[in-house]
There are 2 protein chains.
Amino acid sequence: MGTTQLEPVPEPKYWHLKTVLSEALDSEFTVGEILPNERDLAARFGVARATLRQALEQLELEGRLQRRRGVGTTVAPPRVGVAVGTEQEAWPGAPGDAWQPVDCAEAEPPAAVVDALRTGPGEAVHIVRRSRVSHGQPVAAELLYVPASSVPGLSGIDAPSGAARARAVLRELQHLELDGQDRAVELGSARAEDARELDRLPGAPVLVVTTRFVARGRTAALSVATYRADTCRLTFADSGGLEMDHGPERQAS
Amino acid sequence: MGTTQLEPVPEPKYWHLKTVLSEALDSEFTVGEILPNERDLAARFGVARATLRQALEQLELEGRLQRRRGVGTTVAPPRVGVAVGTEQEAWPGAPGDAWQPVDCAEAEPPAAVVDALRTGPGEAVHIVRRSRVSHGQPVAAELLYVPASSVPGLSGIDAPSGAARARAVLRELQHLELDGQDRAVELGSARAEDARELDRLPGAPVLVVTTRFVARGRTAALSVATYRADTCRLTFADSGGLEMDHGPERQAS
């Protein structure tokens, strides 16, 4: 969503090129089509390659183009709406949860997570890795940090590792009563593991959704979810029951 | 929030450099300090300038560095939490609204907005421009699209333009009963006007929050708000009354 005529502003060169390219994408290219190489494109539009690259980066940020490993730059399909926080009254792993458990480890979390969880030094934290798929594509990777004190009934015997262990942690979480949650969305860059899982390059722009699950007045679990910023728009339905469609290509998943 | 030891992954060069730089930022630099120029930095860390630039871009995406016009690259302060959707039951312009009206124009909206509003061809749309300031810094710019049919009582006589006109449109909106709203967050690039207002370069990464306000079963207004992605984290408090603090530097505004 874009332009208005409120006030004229001088345009940088790459900005003008972006507009021209965007129109060319609409009229000459189809979704999934591979763009000509940078040299040919720069020649066609009569610009320096640095200018072309800036314009391509803009279009990538806006979700019009995708850079794909081993393929090149392709015309992106419209972004897919991915619902965030629809299970507002439920713990991760409750019925209807869109996330799939992948793995689980017990490890020292990063300092920012320790701050948020306010775990003591040396307190064990279960790190559950989960993934989310929408329309057959991986759209998000999550690390869910669960302090051992939130799942006191967890037994180490029957599921020591892997997805089974992850499911055991999630199952134990359901025994706690959830008081509420809060959530923050910010821009980030994909860590190497997440990038691989999301089929992106390390450092690609991602939307990081941090959710704190509160029980008994403290943070009982912390989710750090990394969504592909190129293919996803995060949707929030704030008002109970309101479900509107965003047109054929913009449906919530 | 960052790393975990779940599985080892080979690191690209710029990725390793990013980690090293990040540690140097913590130990040697203070918030607001200007970084040495690229040539000196590349020499100090023994890397090519292209590698250095990739690492700097990563740190910018993560909010650790800011590129400022006419200043250079500086160490960024921690991101500020900006509350989104706290007035969930209210129209834009209701008491307590964090946005300031700036301007108003009557114009043809972009095609995507026309789709969302489902206005007929040629139906007039008021475009209200508003801005949001947090901790003395501009954090977001908004275009609020209001079809003429949503504000039938609006008179053209006493406030034909400017902030007064914007306030008149917002005042008229309050006469409609709000049924609900939905919201989407996605990555975008700053349009030239927004960039100037937010003190960023055109094309800088931004978080675009699109909110549809629904009344009488249709979209009665559409807000497209552009938040600085470098300085803001958008916070959502989903559960009524839950207000937790995120530590000294991470308070919701």
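Predicted model only: the values in this text are computed from it and were never measured.
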Contact leader toward chain A among [options], where contacts are heavy-atom pairs under 4.5 Å:
| options | value |
| --- | --- |
| Gln58(B), Glu60(B), Glu57(B) | Gln58(B) |
| Val206(B), Leu207(B), Leu61(B) | Leu61(B) |
| Gly203(B), Gly188(B), Pro205(B), Gly63(B) | Gly203(B) |

- Message: Show the nearest heavy-atom pair for residues Arg79(B) and Leu187(A), with the distance to one decimal.
- Response: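 In terms of heavy atoms, the two residues are closest at NH1-O, 2.7 Å.
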
- Which is it for Val185(B) and Phe236(A) under the side chain to side chain contact (heavy atoms under 4.5 Å, CB included) test, yes or no, and what are the steps along the way? CA-CA 8 Å; Val185(B) 178; Phe236(A) 299 82; 3.6 Å; yes

- Task: Examine whether an atom of Ala190(B) lies under 4.5 Å from a heavy atom of chain A, and if so say whether it belongs to the side chain, the backbone or both; otherwise answer neither.
- Result: backbone

- Bottom line for Tyr14(B): the part with an atom under 4.5 Å from chain A's heavy atoms is side chain

- Task: Answer whether the closest heavy-atom distance between the side chains of Val84(B) and Arg183(A) falls below 4.5 Å.
- Result: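 SC-SC contact between Val84(B) and Arg183(A) ruled out.
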
- Point-to-point distance, once rounded to the nearest 0.5 Å, from CD of Glu186(B) to OG1 of Thr231(A):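 The CD atom of Glu186(B) sits 11.0 Å away from the OG1 atom of Thr231(A).
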
- May I ask you to name which of Ser189(A), Ala111(A), Cys232(A), Ala229(A) has the most heavy-atom pairs under 4.5 Å with chain B?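 Between Ser189(A), Ala111(A), Cys232(A), Ala229(A), the count favours Ser189(A).
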
